[in-house]
There are 2 protein chains.
Amino acid sequence: MSVTIKDVARIAGVSPSTVSRVLSNHPKISPATVRKVREAMETLGYHPNIMAKSLVSKNTNTLGLVLPRSAEELFANPFFSEVLRGMLACANLAQYDLLMSSANSQKEELEAVNRMVLGRRVDGVILMAPRKNDPIVEKLLEYDFPFVLLGRSLEHQDVHCVNNDNLKAAYDATNHLIAQGHRRIGFVSGPKDMVVSEDRLEGYRRAMREAGLACREDWVINADFLQESGFHAISLVMNLPERPTAFVITDDIIAFGMIRGLYDVGLRVPDDISIVSFNNINLSELSNPPISTIDIGIYHLGYLTVQLLIRKLSGESVSQTQITVPHRLLVRKSSMKTM
Amino acid sequence: MSVTIKDVARIAGVSPSTVSRVLSNHPKISPATVRKVREAMETLGYHPNIMAKSLVSKNTNTLGLVLPRSAEELFANPFFSEVLRGMLACANLAQYDLLMSSANSQKEELEAVNRMVLGRRVDGVILMAPRKNDPIVEKLLEYDFPFVLLGRSLEHQDVHCVNNDNLKAAYDATNHLIAQGHRRIGFVSGPKDMVVSEDRLEGYRRAMREAGLACREDWVINADFLQESGFHAISLVMNLPERPTAFVITDDIIAFGMIRGLYDVGLRVPDDISIVSFNNINLSELSNPPISTIDIGIYHLGYLTVQLLIRKLSGESVSQTQITVPHRLLVRKSSMKTM
DNA sequence: TGGTGATTTGCAAGCGTTTTCTTACCTGAC
DNA sequence: GTCAGGTAAGAAAACGCTTGCAAATCACCA
């Protein structure tokens, strides 16, 4: 069968406890013994059973990634790979693995979290893109289980999270369009119950208000993070009594869909309608025209989230609860009037 | 502390064994006892400790996903999210979770696999995009550990795998271009040591040969699965003594980069150069021009891989070792001459 | 009444580790 | 040569669960 600590002990002529101590680099162990044990491990091809280890030591070196329900939206978005890449890079460095489970309903979502948390399967949890009044947040707080938000909680200010200043980002994006001379500016929002949607919408509204511009309700279009949304949005846009000359769009992928949809109805970007979107997924630069976008540092978002969680787990008392990843506006052709 | 099976037993007035049996739906347990135990679990908020459970039962309900080293390439590609989505959907259905670990070097990669496999952390392993002479494949065969390839092994015919008929797919793509009247057709390949690259290149060559067309070595350009590759490829293309009028490209994202790069040097797709690529990532349809591509059924690829692995794990003797996901050519504007 | 077999439950060992507590051993000072 | 003081190694109990085997209970019939 598989080789255990006892086998190693027998071969090395020591007790299992000693082997265990060698394994965890216990200081008070003689170099000679260490050598003997190491050799035995080598010849037997020993590898510790992580289950047994976690059972007694009560940690798993695993982080749980809880995907928002109806994760389809997120998944289909390159944003997700990129944030995952950042997470894995950091986790990898600290010898952590990532456990993912997806869910289709809120019920399944809670079950998944319970399996992970109450089943002692992970040491900490990462919550992506939380919603308003997210029950998972409540649950984890109730359990007093370590977790970090990628995004922020509307209700709990003291929860550790990594986020952009989405309000400011949308504010910047809108102001850029205003500076380009646009007066009628629309906004395409993500799912209504997500905190990020709320923040960005607010940023857009603030910029419009400060510039003394009308902020009409029918210029705010709801979408989700799928390219089809961009496509669908077009019919709404076309039916508007007064059509905006520019849009702030909450996600590059929606922008792709919109540009395409506009093209099909004979409208050109940026000549007829200017566009600024969010995220700077790597393809946005290769779009035709290249898309002006707010670079939110996706990779860093993922990396720092995991880093924060690991710091929490290692007992470090992390006083700064909120980490803000800086954003910057990348002006490309989709928002450049007549060049 | 956390509530265990003993607590439940005490409250329900039965023995721990009985509780365990209720948990696993043991047939010979009286309905009355079941009810009592269920109630006790409910009031205590009991959740089984998965570590303890796996320690004795020797399975973890977890699948390990081993990413190819230098996974950056893959990650940055929407292909990856989509395949992951398929995997998670299937795993989720069967109550499995996915454990990911990434690695930067071959050494780290082997360590990760050992942690997973020898550490008894997962029940089975999924290997993505295997390379020629992949040491991980050898290792898993040596351990006799259940695993499934997403892709195929060049050396081992009897390994369970889910794959496309990449040779035929490239053959189809090339023939499509030939049918459009092209005679000078180039090929942009993925990393040389990956099996998929080999297969697609072979398909391209076969089509060219059968059509009696020259298959010049300097028309085969090596790239990796990054958009930058497409970009870089351009300088190579421009320096060719005799330039192809069309390209078969092994990945949509490279195609994006190439279209952009060609545009920048004043060449138009499809008017100057036609393009057919692979994968049909969702953005390929929204490209400008929309990209003709081989739809390889990414989602299904992921879904079926996990399904096959789970079937293996559940003891079902799966006789059919190779599952081929059908592909189809989607003709879009990037390969349509003058309309 | 006692024996038989079927059905339900409990006992206890074991899964592969870690860790506390003890013991054995060695060093050096008196 | 004895004993304190310290260091290195072992014994054994846990961690929370499963499961083979034995015991208990009960119905039934001779």
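Note that these values count all heavy atoms, side chains included, but never hydrogens, waters or copies made by symmetry. Chain letters run A, B, ... following the sequence lines, proteins first and then strands; every chain starts at 1.
- Residues satisfying the salt bridge (charged side-chain N to carboxylate O under 4.0 Å, His left out) criterion with B/Lys6, sequence neighbours excluded, are absent altogether.
- Qualifying side chain to side chain donor-acceptor pair (under 3.5 Å) partners for B/Thr18, counting only residues two or more places apart in sequence or in other chains: B/Ser15.
- In this entry the distance linking CG of A/Asn25 with P of C/dT18 reads 12 Å, nearest Å.
- No side-chain heavy atom of B/Tyr46 sits under 4.5 Å from any side-chain heavy atom of B/Val37.
- With rounding to whole Å, B/Lys53 atom NZ is found 18 Å from C/dG16 atom P.
- In this structure a side-chain-to-backbone donor-acceptor pair under 3.5 Å is present from B/Gln322 to B/Gln157.
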Detail all sub-3.5 Å separations between protein N/O atoms and N/O atoms belonging to nucleotides 22-27 of chain D.
none

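- Partners of A/Asp123 under the salt bridge (charged side-chain N to carboxylate O under 4.0 Å, His left out) rule, at least two apart in sequence or in another chain, do not exist in this structure.
- Here the CG atom belonging to A/Asp7 is positioned 4.0 Å from the OG1 atom belonging to A/Thr4, to the nearest 0.5 angstrom.
- Atom NE2 of B/His47 is separated from atom P of D/dG16 by 16 Å (rounded to the nearest Å).
- Look at CZ on B/Arg120: it is 12 Å from C1' on C/dC15, rounded to the nearest Å.
- Per the geometry, CG belonging to A/Asp7 stands 13 Å off C1' belonging to C/dT17, to the nearest Å.
- Contacts of A/Asp97 classified as side chain to side chain donor-acceptor pair (under 3.5 Å), with partners at least two apart in sequence or in another chain: B/Arg115, B/Arg121.
- Residue pairs satisfying the salt bridge (charged side-chain N to carboxylate O under 4.0 Å, His left out) criterion with at least one member in residues 136-161 of chain A, sequence neighbours excluded, are listed as follows: A/Arg152-A/Asp199.
- Sorted by first and then second residue, the salt bridge (charged side-chain N to carboxylate O under 4.0 Å, His left out) pairs involving residues 26-54 of chain B (not counting sequence neighbours) are B/Arg35-B/Glu39.
- Taking atom CE of A/Met51 as the reference point, atom C1' of D/dC17 lies 13 Å away to the nearest angstrom.
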Mark up nucleotides 6-15 of chain D, 5' to 3', with B wherever a protein heavy atom is under 4.0 angstrom from a base atom, S wherever such an atom reaches only the sugar-phosphate, and - elsewhere.
-> -SSSBBB--B

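- For residues 59-68 of chain A, there are no salt bridge (charged side-chain N to carboxylate O under 4.0 Å, His left out) pairs, not counting sequence neighbours.
- Taking the C1' atoms of five terminal pairs at each end of the helix from C/dT1-D/dA30 to C/dC30-D/dG1, the two resulting helix axes are inclined by 70°, rounded to 10°.
- Atom NE2 of B/His160 has more than 12 neighbouring heavy atoms from other residues, nucleotides or ligands inside a 6.0 Å radius.
- Only at 4.0 angstrom or more do the heavy atoms of residues 34-42 of chain B sit from any atom of DNA chain C, so none qualifies.
- Under the side chain to side chain donor-acceptor pair (under 3.5 Å) criterion, A/Asn59 pairs with A/Ser57, sequence neighbours left out.
- Nucleotide D/dT18 holds its P atom 5 Å from the CD1 atom of B/Ile5, rounded to whole Å.
- How far CD of A/Glu82 is from CD1 of A/Ile298: 5.5 Å, rounded to the nearest 0.5 Å.
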